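All remarks here apply to the structure that follows.
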There are 2 protein chains.
Amino acid sequence: MAGLCDTETMRVLHHPTRKSLRLSKVMHALSDPVRLSIVRSLAVRGEQPCGTFGLSVAKSTASHHFRVLREAGVIQMRAEGTQYINSLRREDLDSRFPGLIDAVLGATGPV
Amino acid sequence: MAGLCDTETMRVLHHPTRKSLRLSKVMHALSDPVRLSIVRSLAVRGEQPCGTFGLSVAKSTASHHFRVLREAGVIQMRAEGTQYINSLRREDLDSRFPGLIDAVLGATGPV
DNA sequence: CCTATTGTTCGATATAACTAGAACAATAGT
DNA sequence: ACTATTGTTCTAGTTATATCGAACAATAGG
C-alpha cells in the first residue's frame, strides 16, 4: 500500500506541457490506426489501463503506441499499482487545437 | 494551344474518391510541417501552382509533399500549361471529416 | 526548332517508424 | 519469499519517410 505520492519510487513518465504541444506531432500521433482506436476507446469508455483495449499487437508494440501518444501530449498516463491508467488530455487538446479531437472522434468510415 | 480535354496527352494524376478517403492517411498527410504550410496557404490564398508556396525544400522534395497530399485526398491538382494548379478539397474533407480542416487551420502556435 | 519554365520521376542516402521477442522492473497477493 | 500481473525497455529486423541532385517530360514562346 503505497502512499499517494511516493516520489522516490514512482516511475517517471514524460508528458509535454499544454503550451509545448505541437500540431504536427499530435497529427502524427493520430495517424496510426492502432493509436486512433486507443483514442476513441478512451473517449468512449473513459480512462483505462493499457491491457483493456483489445489491441491486436504485441505487448511491446502497444507500449510503443502508448508512448507515442503520451509524448505527443494526446494522452496522460499515471501509474497505479502494477498498471498504467490512460486518459485523454481533452482539455489541453481542446485548448490548443479547438475542434480537432471532436473531428477525429466524429469521423466515420474505415480508419 | 491544347483543347480543354486532350485526354490522350493529359498527364494522369491519381486522386482518391471522397468515399475512399481514410482518416489515418489524411492525418499522416497533415503531420508534416511543410505539408501543413501548403494546406494553410491554399486555405488563405486559394488555389495556386506548386512554385508559389515559398517552400524551403528542393523541387523534388516539394513534389513529393504535393504527391502525399494529393494521394491522401487533401488537395486536388490539375495540369494547366506547364504548371499544376493545387486546391484544397474542402468539400470532400468537410463531408467525410467534419471540422477537421477547420481545426487544423484554426490551430495557433508553432507547427 | 530551340529555349526557358514548371514540375515529375529516378536513384540514392539517411532518418524515423512499426513490429516483435526476450529480459527487466514494480507491484499485489499468497 | 515466491509467484502472477502489468507494462516497460532493449535489441533487432523490416518498412516507410524525407531529402536531394540529375535526368526527363510537357508546354509556352520566340
Side-chain angles (χ1 to χ4, degrees), chain A residues 1-15 22 24-38 47-72 75-87 111, chain B residues 1-15 22 24-25 27-38 47-72 75-86 111:
Chain A
M1 51 343 176
L4 269 60
C5 203
D6 273 6
T7 317
E8 295 315 317
T9 61
M10 193 65 101
R11 284 149 289 179
V12 170
L13 296 175
H14 176 257
H15 288 87
R22 299 209 157 210
S24 57
K25 296 283 185 189
V26 171
M27 296 301 279
H28 171 255
L30 298 175
S31 72
D32 180 279
V34 173
R35 294 193 293 262
L36 277 173
S37 80
I38 291 172
E47 61 176 30
Q48 50 190 319
C50 301
T52 65
F53 291 83
L55 305 177
S56 53
V57 292
K59 238 182 359 171
S60 52
T61 302
S63 188
H64 160 72
H65 286 305
F66 283 107
R67 193 224 274 248
V68 170
L69 287 168
R70 174 169 51 79
E71 293 186 341
I75 67 173
Q76 172 132 68
M77 297 176 77
R78 71 170 193 278
E80 192 159 294
T82 69
Q83 47 193 18
Y84 287 82
I85 310 294
N86 303 280
S87 58
V111 288
Chain B
M1 51 340 181
L4 267 62
C5 204
D6 273 6
T7 316
E8 295 315 317
T9 60
M10 194 65 103
R11 282 149 290 178
V12 170
L13 297 175
H14 176 258
H15 289 86
R22 297 203 158 216
S24 56
K25 296 284 185 189
M27 297 301 280
H28 171 256
L30 298 175
S31 72
D32 181 277
V34 173
R35 293 193 292 261
L36 277 173
S37 79
I38 292 173
E47 61 177 29
Q48 50 190 317
C50 302
T52 64
F53 291 82
L55 305 177
S56 53
V57 292
K59 237 181 0 168
S60 51
T61 302
S63 188
H64 160 71
H65 287 305
F66 283 107
R67 193 224 276 246
V68 171
L69 287 169
R70 174 168 51 80
E71 293 186 341
I75 67 173
Q76 172 132 66
M77 298 177 77
R78 71 169 192 279
E80 192 159 294
T82 69
Q83 49 193 19
Y84 287 82
I85 310 294
N86 303 280
V111 289

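Proteins come first, then strands; the chains are lettered A, B, ... in the order of their sequence lines, and each starts at number 1. Here the structure is a predicted model, which means the values were calculated and not measured.
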Measure from [atom1] on [X] to [atom2] on [N] and round the result to the nearest Å.
X: A/E71; N: C/dA16; atom1: CD; atom2: C1'; value: 14 Å
X: A/F66; N: C/dC18; atom1: CZ; atom2: P; value: 14 Å
X: A/R67; N: C/dA16; atom1: CZ; atom2: P; value: 14 Å
X: A/I85; N: C/dA26; atom1: CD1; atom2: P; value: 18 Å
X: B/H64; N: C/dA12; atom1: NE2; atom2: P; value: 18 Å
X: B/L69; N: C/dT8; atom1: CG; atom2: P; value: 12 Å
X: B/R78; N: C/dT6; atom1: CZ; atom2: P; value: 17 Å
X: B/K59; N: C/dT6; atom1: NZ; atom2: P; value: 9 Å

[X] side chain, from C-beta outward: closest of [options]:
X: A/C50; options: C/dT9, D/dG7, D/dT9; value: D/dG7
X: A/S60; options: D/dG21, D/dG7, C/dA20; value: C/dA20
X: A/D32; options: C/dC18, D/dC20, D/dG7; value: C/dC18
X: A/H28; options: D/dA23, D/dT19, C/dC18; value: C/dC18
X: A/V57; options: C/dT8, C/dA20, D/dC20; value: C/dA20
X: A/H65; options: C/dT6, C/dT19, D/dA18; value: C/dT19
X: A/M77; options: D/dT8, C/dA20, C/dG7; value: D/dT8
X: B/Y84; options: D/dT8, C/dT8, C/dA17; value: C/dT8
X: A/T61; options: C/dC10, C/dT19, D/dT8; value: C/dT19
X: A/T82; options: C/dA28, C/dG7, D/dG7; value: C/dA28

| task | Answer yes or no: does a side-chain N or O of A/R35 lie under 4.0 Å from OP1 or OP2 of C/dC18? | result |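 Result: yes.
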
| Any donor-acceptor N/O pair, B/H14 side chain to B/R70 backbone, under 3.5 Å | no

| query | Counting only N and O atoms by type, is there a donor-acceptor contact under 3.5 Å from the side chain of B/S63 to the main-chain atoms of B/S60? | reply | no

| query | Heavy atoms under 4.0 Å, any strand shown: does A/V34 hit a base, just sugar-phosphate, or nothing? | reply |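 Nothing: the residue A/V34, judged by heavy atoms under 4.0 Å, touches no strand.
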
Just wondering, do [Y] and [X] contact through their side chains at under 4.5 Å, heavy atoms?
X: B/M77; Y: B/H15; value: yes
X: B/Q83; Y: B/Q48; value: no
X: B/L55; Y: B/S37; value: yes

| field | Along DNA chain C (nearest heavy atom to each residue), the more 5'-positioned of A/V68 and B/T52 | value |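 The residue mapped nearer the 5' terminus is B/T52.
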
| task | Name the residue closer to the 5' end of DNA chain C, choosing between A/A58 and A/E80 according to the nucleotide with the nearest heavy atom. | result | A/A58

| Taking atom CE of A/M27 and atom CG of B/L30, what is their separation to the nearest 0.5 Å? | 4.5 Å

